[in-house]
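See below for the structure under consideration.
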Amino acid sequence: MKNILLENDIVLLRPIEIGDIEGIRKAANDGRIWEHMSVSLLDLASVESYVKNAIADREKGITYTFVVIEKKTNRIVGCTSFLDISLPHKRVEIGSTWYQPSVWRSAINTNCKFLLLQYGFEELQLNRIQIKTGHENIRSQQAIERIGAVKEGILRNHMIRKEGTIRHTVMYSIVAEEWEKVKAKFTQELLNP
């Protein structure tokens, strides 16, 4: 996967670059963002490491991280990624998604998910796209369920959080056979509320 640009009237998703460090630093500077995340981007060194690692992982084909740019302000408001990329098995995960609180409960996340799902199913011809979140992250679970993903179960004792506590992971997916129904939900309800 190279040079993926996804956009509509609301958002632009483009590959993360070194020149994004300052924009990401500004967008990421709120502790509430990192409550359920495995990283915390509250200082410049962390942001620099995050961006450099994301670029290196993209070059290795491990992940593909996008910056999320809000079109009306033309500023970075978060990041999202394709993870666990397995093109031979026709699957990816959408994850490591974070947004600054000013765009929480806005159209940003819905539009990002739609563009990523559409690209995955229609361009990459994937069979499966999974999304996972922590068992205590109710806001994220509700957002995932709202787009039509199917809850598959909970991976118990799946991860150790940055502060050392155990996270159970709630696993969701959308499969190719469900895409047309999910796409219709987006176009009829979610993108035009």
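In terms of modelled atom types and a separation under 3.5 Å, the side chain of Trp34 and the main chain of Ala28 share a donor-acceptor contact. The backbone N or O of Val175 sits less than 3.5 Å from a side-chain atom of Glu178, completing a donor-acceptor pair. Here the side chain of Asn8 pairs a donor or acceptor atom with the backbone of Val11 at under 3.5 angstrom. A side-chain donor-acceptor contact under 3.5 Å links Gln125 to the backbone of Glu122. Without hydrogens or angle criteria, Asp43 side chain to Ser46 main chain gives a donor-acceptor distance under 3.5 Å.
Look at Arg128 and Glu93 and you find no salt bridge, because none of the NZ, NE, NH1 or NH2 atoms lies under 4.0 Å from a carboxylate O. A salt bridge between Lys52 and Asp57 is absent, with no side-chain N of the basic residue lying under 4.0 Å from a carboxylate O of the acidic one.
Two residues are said to be in side-chain contact when any heavy atoms from C-beta on lie closer than 4.5 Å; Asn111 and Asp9 fail this criterion. Taking the side chain as every heavy atom from C-beta outward, Phe82 and Leu116 approach each other to under 4.5 Å. With a 4.5 Å cut-off on side-chain heavy atoms, Tyr64 and Ser81 do not count as touching. With contacts defined as side-chain heavy-atom distances shorter than 4.5 Å, the pair Ile129/Ile94 qualifies.
A donor-acceptor contact closer than 3.5 angstrom is absent between the side chains of Thr133 and Gln141. Side-chain atoms of Tyr172 and Glu145 include a donor-acceptor pair closer than 3.5 Å. Judged by distance alone, the side chains of Trp179 and Gln118 never bring a donor and an acceptor atom under 3.5 Å apart.
Of all heavy-atom pairs spanning Ile108 and Glu70, the tightest one is CD1-CG, 3.9 Å. Among all heavy-atom pairs drawn from Asp30 and Pro101, the shortest one is OD2-CG, 3.5 Å. Thr63 approaches Leu83 most closely through the heavy-atom pair CG2-CD2, 3.5 Å. Scanning both residues, Val51 and Glu17, for their nearest heavy atoms gives CG1-O, 3.5 Å. Closest approach of Ile16 and Cys79 over heavy atoms only: CD1-SG, 4.3 Å. When all heavy atoms of Ile33 and Trp98 are compared, the closest pair comes out as CG2-CB, 3.7 Å.
Rounded to the nearest 0.5 Å, atoms CD (Glu177) and CD1 (Ile174) are 12.5 Å apart. With rounding to the nearest 0.5 angstrom, the CD1 atom of Ile21 is 10.0 Å from the OG atom of Ser49. Note that NE2 of His158 and CD1 of Ile166 are 12.5 Å apart. Values are rounded to the nearest 0.5 Å. Between the NZ atom in Lys151 and the CD1 atom in Ile131 there is a gap of 14.0 Å [rounded to 0.5 Å]. Leu12 CG to Leu6 CG: the interatomic distance, rounded to the nearest 0.5 Å, is 8.5 Å. Atom OH of Tyr119 is separated from atom CG of Leu126 by 9.5 Å, given to the nearest 0.5 angstrom.
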In sequence, state the C-alpha distance, the side-chain angles, and the governing distance for Glu136 and Arg161, and then conclude on salt bridge (charged side-chain N to carboxylate O under 4.0 Å, His left out). CA-CA 12 Å; Glu136 293 176 337; Arg161 294 186 189 115; 3.0 Å; yes
Run Arg167 and Thr169 through side-chain hydrogen bond (donor to acceptor under 3.5 Å, both in side chains) and show every step you take. CA-CA 6 Å; Arg167 173 185 129 162; Thr169 296; 3.1 Å; yes
I'd like to know whether Asn29 forms a side chain to side chain contact (heavy atoms under 4.5 Å, CB included) with Leu42, so could you lay out the CA-CA distance, the side-chain angles of the two residues, the decisive distance to 0.1 Å, and finally the verdict. CA-CA 5 Å; Asn29 195 18; Leu42 293 172; 4.0 Å; yes
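Annotation: Leu87, atom CG; neighbour count of heavy atoms from other residues, nucleotides and ligands within 6.0 Å is above 12.
Within the structure, ring-ring contact (aromatic ring centres under 6.0 Å, His included) contacts touching residues 129-150 (residues at least two apart or in different chains) are His135-His168.
Remark: Glu7 engages Lys71 in a salt bridge (Lys or Arg N to Asp or Glu O under 4.0 Å) (not counting sequence neighbours). Checked against salt bridge (Lys or Arg N to Asp or Glu O under 4.0 Å), Glu22 has the following partners two or more places apart in sequence or in another chain: Arg25.
Between Phe114 and Phe186, the ring-plane angle classifies as tilted under the 30° and 60° cut-offs.
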